[in-house]
Amino acid sequence: MQSSNGRPRVDGGGQYGSAGHPGGHDVDLAEVPGHVRYDDPWYDALASGWGEPAGAAPADPAAPEPREGDTVAAAADVYLEVQRSEAFQEVRSRYRRFVVPAVVVFFAWYVAYVVTATTAPGLMARPVAGAVNVAMLAGLGQFLTTFLLTWAYARHARLRRDRAALELRWDTQEMARGARGGAS
């Protein structure tokens with residue numbers, strides 16, 4: 001019998017289920033040779049350590065385990081070095097060059113809408129087309145500018161920052177691995 005994800009079911013009616021076992025008792029499937037138990041319903045591939053015999057040795061027994069204090073200090077040094085790097089400063093400055101003006105413009109537009117609505121109700125009540133007035137158009141404009149700003153931010157990030165940030169991330173991970181003595 002197949003489950004909805006294509007793997008054989010292990011409960012009832014199967015080769016080792018209660019119906020197939022003499023005496024009607026369930027068999028602990030972990031004890032069946034060659035059987036791997038899937039506890040995770042989203043299981044796709046073997047994770048490190050899955051399917052290995054109990055008590056199996058780690059993959060690289062020769063690599064010494066670093067002490068906790070050394071690892072933390074080394075990782076802190078790596079991240080401080082990355083933070084001081086030219087690449088990191090460039091990514092941060094590209095971010096600030098977009099975000100600061102965008103926030104200022106959007107906040108000014110929002111405050112102008114609220115101030116105009118409270119100080120000039122006659123202007124905001126002026127009809128534009130039928131029952132639609134200036135206040136309704138300005139309110140809808142708030143939504144429109146929110147979506148436009150979100151699109152512009154995502155585009156700016158994709159074109160100006162993502163590649164540099166990803167390269168910086170990979171470099172940082174490699175440096176952190178080196179600081180831990182090659183342990184992953």
Indicate the atoms forming the closest heavy-atom contact of [X] with [Y], along with that distance.
| X | Y | value |
| --- | --- | --- |
| Thr118 | Val115 | OG1-O, 3.0 Å |
| Asp162 | Arg158 | OD2-CA, 3.4 Å |
| Ser85 | Leu168 | OG-CD1, 4.1 Å |
| Ala165 | Val91 | N-CG2, 4.1 Å |
| Ala164 | Arg94 | CB-NH1, 4.4 Å |
| Ala117 | Met124 | CA-CG, 3.7 Å |

Same hydrophobic cluster for [X] and [Y], using side-chain heavy-atom links shorter than 4.5 Å among ILVMFWY?
| X | Y | result |
| --- | --- | --- |
| Val114 | Leu137 | yes |
| Tyr110 | Met136 | yes |
| Leu140 | Val134 | no |
| Tyr79 | Phe88 | no |

Checklist entry - At what distance, to the nearest 0.5 angstrom, does OG1 of Thr150 lie from CZ of Arg155? => result 15.0 Å
Checklist entry - Any donor-acceptor pair under 3.5 Å linking the side chain of Gln89 with the backbone of Gln83? => result yes
Checklist entry - Do Thr116 side-chain atoms and Tyr113 backbone N/O form a donor-acceptor pair below 3.5 Å? => result no
Item to check | Note, Glu174 side chain near Asp171 side chain (heavy atom, < 4.5 Å) | outcome: no
Next on the checklist: Do Gln142 and Trp109 have side chains that approach each other closer than 4.5 Å (heavy atoms only, starting at C-beta)?
Outcome noted: yes
Next on the checklist: Tell me whether Phe98 at atom CZ has more than 12 heavy atoms from other residues, nucleotides or ligands lying less than 6.0 Å away.
Outcome noted: yes
Next on the checklist: Can you confirm whether Arg160 is buried at CZ, in the sense that more than 12 heavy atoms of other residues, nucleotides or ligands lie under 6.0 Å from that atom?
Outcome noted: no
Item to check | Glu90 and Arg161 ion-paired at < 4.0 Å | outcome: no
Checklist entry - Does a side-chain N-to-carboxylate-O contact under 4.0 Å join Glu167 and Arg163? => result no
Checklist entry - Going through the distances and angles, do Leu149 and Tyr153 end up as a side-chain contact (heavy atoms from CB on, under 4.5 Å)? => result CA-CA 6 Å; Leu149 186 60; Tyr153 177 82; 5.6 Å; no
